[in-house]
Q: 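For reference, the structure I am asking about is given below.
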Amino acid sequence: FYEGGEPLVRKTPLEEREEIDLLGVIAETRSDIMIGHVRAPTVGSLKAGNTHPFRFREFLFAHSGTVTNFDEVRMKMWESMPDFIRRSMTGETDSECLFHLILSFLHDARQLIPNVTSKNVADAVRKAIAMVDHFEIEQGADGPSPCNILLTNGAFLVALRRSPTELRTMTWTAPG
């Protein structure tokens, strides 16, 4: 979530539970944009560095879905990133790698800046997804992986929903 324009992250990697007290987690939070993420991990161990949301500068990111054949695709994703973006990764998940690939497309478009537009971010998300699709298919996947993405800089939120048959993106701008 964002407080005073600053992105703040609370991460609590938990073992599987029947119920999570969401209201207790957010009770004291006041923000125009908040991202929450709860799921069973599919790639990477259970530790804070692998727990969503991921942060880079003012950006926060959460993802559900799994990059097919990630062990084989990971190196191609890494090779597509500038070194300074790759070095900022702390975990070993496909989600964090996808986030940093999106950031790489923003960097390449000279849009990895505080006043980036939601259109530029949505374009970077689409390009990263298309690249991952290509890498997955090269490694024998039958087709694109379903996924959901939330990416925000506190001023707007870009959301993507990908099913096996369609890709949809939407943006929301914070009040003011």
Side-chain angles (χ1 to χ4, degrees), residues 1-13 22 25-39 43-44 47-65 67 70 73-74 76-135 147-162 167-176:
F1 64 95
Y2 292 79
E3 193 170 281
E6 180 71 20
L8 303 173
V9 178
R10 290 184 197 152
K11 293 186 178 195
T12 310
L22 181 59
V25 171
I26 66 170
E28 299 300 318
T29 304
R30 303 288 179 264
S31 182
D32 289 327
I33 296 179
M34 180 184 322
I35 292 179
H37 186 274
V38 178
R39 76 169 185 153
V43 176
K47 65 179 187 174
N50 290 335
T51 303
H52 301 236
F54 298 103
R55 177 184 173 184
F56 182 87
R57 297 182 183 165
E58 74 276 7
F59 294 101
L60 296 177
F61 174 87
H63 164 252
S64 65
V67 173
F70 181 61
V73 169
R74 176 191 327 246
K76 291 181 181 234
M77 291 172 73
W78 271 62
E79 290 168 353
S80 302
M81 297 176 202
D83 191 48
F84 82 97
I85 290 178
R86 196 176 25 235
R87 282 192 318 262
S88 70
M89 295 177 60
T90 61
E92 65 241 8
T93 67
D94 54 342
S95 298
E96 186 182 25
C97 198
L98 176 58
F99 175 39
H100 285 74
L101 186 61
I102 293 166
L103 295 169
S104 298
F105 277 101
L106 284 172
H107 173 263
D108 291 349
R110 293 188 164 88
Q111 291 297 307
L112 195 56
I113 53 177
N115 59 347
V116 65
T117 67
S118 58
K119 180 189 179 314
N120 294 127
V121 172
D123 289 345
V125 168
R126 285 189 207 96
K127 288 176 182 176
I129 290 292
M131 180 179 275
V132 170
D133 289 349
H134 175 75
F135 293 155
C147 71
N148 299 294
I149 290 173
L150 295 174
L151 179 56
T152 183
N153 68 349
F156 59 81
L157 173 76
V158 173
L160 173 136
R161 174 157 175 74
R162 161 68 157 292
L167 176 71
R168 292 182 183 213
T169 58
M170 62 172 258
T171 60
W172 175 83
T173 302

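Basis for what follows: all heavy atoms, side chains included, without hydrogens, waters or symmetry-related copies. Small disclaimer: the values here were computed from a predicted structure and weren't measured. By convention here, the first residue in the shown sequence is residue 1.
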Q: Do F59 and P7 have side chains that get closer than 4.5 Å, going by heavy atoms?
A: no
Q: Taking the side chain as every heavy atom from C-beta outward, state whether C97 and M81 have any atom pair closer than 4.5 Å.
A: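 Contact flag for C97/M81 side chains = yes.
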Q: Taking atom CG of N153 and atom OG1 of T117, what is their separation to the nearest 0.5 Å?
A: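 Reported value, rounded in 0.5 Å steps: 9.5 Å.
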Q: Using 0.5 Å steps for rounding, measure from the NE2 atom of H134 to the NZ atom of K76.
A: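 These two atoms lie 6.5 Å from each other.
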Q: Please list all pairs passing the ring-ring contact (aromatic ring centres under 6.0 Å, His included) test where one or both residues lie in residues 105-128, with sequence neighbours left out.
A: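 As it turns out, the ring-ring contact (aromatic ring centres under 6.0 Å, His included) pairs with a partner in residues 105-128, which skip direct neighbours, are F84-H107.
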Q: Go through the steps to decide whether F1 and T152 satisfy the test side chain to side chain contact (heavy atoms under 4.5 Å, CB included), and finish with yes or no.
A: CA-CA 9 Å; F1 64 95; T152 183; over 6 Å; no
Q: Can you name the closest pair of heavy atoms from V9 and R55 and give their distance?
A: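 V9 and R55 have their closest heavy atoms at CG2-CB, 4.1 Å.
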Q: How would you list all residue pairs meeting salt bridge (Lys or Arg N to Asp or Glu O under 4.0 Å) that involve residues 100-123, not counting sequence neighbours?
A: K119-D123, D123-R126
Q: Residues two or more places apart in sequence or in another chain: which of them pass side chain to side chain donor-acceptor pair (under 3.5 Å) with E79?
A: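 Testing E79 for side chain to side chain donor-acceptor pair (under 3.5 Å), a comparison that skips the adjacent residues, returns none.
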Q: Where do S80 and S104 come nearest, in terms of heavy atoms and distance?
A: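 Smallest interatomic distance, heavy atoms only, reads O-CB, 4.0 Å.
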Q: On a heavy-atom basis, which atom in I149 and which in H63 lie closest, and how many Å separate them?
A: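 Taking I149 first and H63 second, the nearest heavy atoms are CG1-CD2, 3.9 Å.
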Q: Is there a side chain to side chain contact (heavy atoms under 4.5 Å, CB included) between V67 and F135? Walk through the geometry before answering.
A: CA-CA 10 Å; V67 173; F135 293 155; over 6 Å; no
Q: Can you check whether F61 reaches V158 side chain to side chain, under 4.5 Å on heavy atoms?
A: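 No, too far: nothing below the 4.5 Å cut-off.
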Q: Can you find a pair of side-chain heavy atoms, one from D133 and one from R162, that are under 4.5 Å apart?
A: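 Sidechains of R162 and D133: in contact.
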Q: As a test of understanding, state which of L101, L106, L103 forms a side chain to side chain contact (heavy atoms under 4.5 Å, CB included) with I85.
A: L103
Q: Could you tell me if the side chain of I129 sits less than 4.5 Å from the side chain of L98, heavy atoms only?
A: yes
Q: Is a donor on one side and an acceptor on the other found under 3.5 Å between the side chain of D94 and the backbone of F70?
A: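 Checking the backbone N and O of F70 against the side chain of D94, no donor-acceptor pair under 3.5 Å is found.
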Q: Begin from the C-alpha positions of F99 and L151 and carry the test side chain to side chain contact (heavy atoms under 4.5 Å, CB included) through to its verdict.
A: CA-CA 9 Å; F99 175 39; L151 179 56; 3.6 Å; yes
Q: Would you call E96 and R74 a salt bridge, taking side-chain N to carboxylate O under 4.0 Å as the test?
A: no
